[in-house]
Trainee: 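What follows is a single structure, and I will ask about it in a moment.
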Amino acid sequence: MNLNAGLEKLFAGRWIAGYYPKDAIDRTKFLNSKGISTLINYLGEDFSNITKVRDAVSTYMELIDQIQYNKICAYISLKPTQIGLCISYNLMLSNYIKIVKHAKSKGIFIWFDMEAPETVNDTIKAYKSAIKYGNTGICIQSYLKRSGRDISELIKKKGKIRLVKGAYHLKTNEVFKSHRQVSHNYRILMEKLIKSSNNFMLATHDSQMIDQAIKLNKKYKKNITFAMLSGIRNKYARYLVEHRHKVSLYVPFGSDWIGFSYRRLIEQRHMKIIVRSLFQSQKI
Ligand SMILES: Cc1cc2nc3c(=O)[nH]c(=O)nc-3n(C[C@H](O)[C@H](O)[C@H](O)COP(=O)(O)OP(=O)(O)OC[C@H]3O[C@@H](n4cnc5c(N)ncnc54)[C@H](O)[C@@H]3O)c2cc1C
């Protein structure tokens with residue numbers, strides 16, 4: 001086994017279902033049997049090659065058919081730079097709308113991932129054009145100082161939010177610098193969602209944050225789904241399901257595993273978590 005294959009097996013194998021849509025479908029069937037839904041993502045980002053963009057779009061169209069055919073409980077999560085944003089805004093928008101419309105015809109929900117700060121305006125603008133279809137939500141990052149305003153505006157437009165801390169650590173003035181500030185803002189935004197939105201997703205492995213959400217939601221009784229990456233805290237996901245909370249695991253597939261795994265590895269404060277998760281059983 002060469003070094004690349006060895007690393008792929010060690011790191012990517014933990015977090016990634018396999019190379020093909022079928023691998024993500026099979027993984028979903030298994031997780032569904034444990035009461036867990038999935039967010040399926042076809043790996044790849046920053047595509048400036050039109051052939052790769054077309055391949056990603058047709059993979060998602062096929063995936064939508066497969067999810068419906070197999071009657072599994074799965075959302076799709078896709079990245080703007082995977083479906084054309086690096087080439088043009090209009091290309092990305094038309095691909096996004098095409099995927100959302102096809103998914104709507106099959107009763108499937110599309111989550112729009114949020115990437116680096118310079119893509120945020122275009123991602124939110126495209127999302128606003130798609131809200132009317134009713135089957136799409138957007139990821140919002142608590143490390144961005146603007147996110148409170150974005151959430152207020154999107155809730156007014158009946159947008160659906162998936163709240164994360166943010167994985168693209170770029171040094172700009174638009175982001176909170178310390179992890180403490182990012183977590184503090186996450187708490188504020190989470191409370192805002194619990195008080196003013198009905199249906200949203202909290203994507204975090206932070207059990208203190210999840211405990212707080214559960215406590216606050218005893219009063220508001222909103223429809224919260226907790227989401228985590230597959231292979232990080234699988235036992236905790238199962239624990240939440242056993243306590244009757246909705247849980248979804250992010251299940252990526254494809255061969256383009258380097259960007260995804262690299263982001264997991266550069267989150268240095270997660271090194272302890274990552275190393276622990278590699279050696280802990282992730283059996284569900
Ligand atoms: C479903 C999903 C979708 C995402 N989508 C996006 C996206 O579109 N855009 C984007 O920028 N980012 C996205 N992210 C990544 C996200 O922004 C964060 O980088 C990532 O989730 C880490 O933040 P956190 O809140 O989970 O953890 P942190 O606050 O960094 O850490 C959480 C705390 O949880 C505890 N913990 C975590 N794991 C373990 C463990 N294995 N064992 C024990 N304790 C543990 C530790 O105490 C740790 O301090 C997504 C994440 C998820 C889960």
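Positions are given from 1 along the sequence. Numbering of ligands and ligand atoms starts at 1, following listing order.
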Trainee: Backbone or side chain, does any N or O of S183 fall under 3.5 Å from an N or O of ligand 1?
Mentor: no

Trainee: Relative to the heavy atoms of T204, which atoms of ligand 1 are at a distance of less than 4.0 Å?
Mentor: 24 (P), 25 (O), 26 (O)

Trainee: Ignoring hydrogens and angles, state whether a donor on the side chain of N185 or R180 is under 3.5 Å from an acceptor on the partner side chain.
Mentor: no

Trainee: What about A203: any of its N or O atoms under 3.5 Å from an N or O on ligand 1?
Mentor: no

Trainee: Any ion pair linking R162 and D113 (charged N to carboxylate O, less than 4.0 Å)?
Mentor: yes

Trainee: Using a strict 4.0 Å cut-off to heavy atoms of A227, name the atoms of ligand 1 that fall inside it.
Mentor: 1 (C), 53 (C)

Trainee: I want to know if ligand 1 touches Y168 in the polar sense, i.e. an N/O pair below 3.5 angstrom.
Mentor: no

Trainee: Can you confirm, on distance only, whether ligand 1 has an N/O atom lying under 3.5 Å from any N/O atom belonging to G166?
Mentor: yes

Trainee: Go through ligand 1 atom by atom and flag the ones less than 4.0 Å from a non-hydrogen atom of K165.
Mentor: 17 (O), 25 (O), 28 (P), 29 (O)

Trainee: Taking ring pair (Phe, Tyr, Trp, His ring centres under 6.0 Å) as the criterion, tell me which of Y96, Y127, Y60, Y75 meets it with F112.
Mentor: Y96

Trainee: Step through it carefully: locate the ring centre of F253, locate the ring centre of Y20, and say whether they are under 6.0 Å apart.
Mentor: no

Trainee: Assess K125 against Y89: is NZ or CZ under 6.0 Å from the centre of the six-membered ring, and within 45 degrees of the ring's axis?
Mentor: yes

Trainee: If we only count heavy atoms from C-beta on, is the R238 to K34 side-chain gap below 4.5 Å?
Mentor: yes

Trainee: What atoms of ligand 1 come closer than 4.0 angstrom to any heavy atom of M228?
Mentor: 53 (C)

Trainee: Are any of the N/O atoms on H179, whether in the backbone or the side chain, positioned under 3.5 angstrom from an N/O atom of ligand 1?
Mentor: yes

Trainee: Report yes if I232 has an N/O atom closer than 3.5 Å to an N/O atom of ligand 1; otherwise report no.
Mentor: yes

Trainee: Under 4.0 Å from any heavy atom of L39, which atoms of ligand 1 are there?
Mentor: 1 (C)

Trainee: How many angstroms lie between atom CD1 of I83 and atom CZ of R54, to the nearest 0.5 angstrom?
Mentor: 14.0 Å

Trainee: Report the member of K235, K79, M201, R233 with the shortest heavy-atom distance to atom 45 (C) of ligand 1.
Mentor: R233

Trainee: Which one holds for C139 and ligand 1: side chain close, backbone close, both close, or neither close, with close meaning a heavy atom under 4.0 Å?
Mentor: side chain

Trainee: Please determine whether any non-hydrogen atom of Q208 lies less than 4.0 Å from an atom of ligand 1.
Mentor: no

Trainee: Regarding D26 and K22, does a basic nitrogen lie under 4.0 Å from an acidic carboxylate oxygen?
Mentor: yes

Trainee: Taking the side chain from D23 and the backbone from Y19, do they hold a donor-acceptor pair closer than 3.5 Å?
Mentor: yes

Trainee: For ligand 1, is there an N or O atom under 3.5 Å from any N or O atom of R162?
Mentor: yes

Trainee: Quick one about E115 and T81 (side-chain donor to acceptor, distance below 3.5 Å, no hydrogens or angles considered), yes or no?
Mentor: yes

Trainee: Under a 4.0 angstrom heavy-atom cut-off, which atoms of ligand 1 come close to Q141?
Mentor: 9 (N), 10 (C), 11 (O)

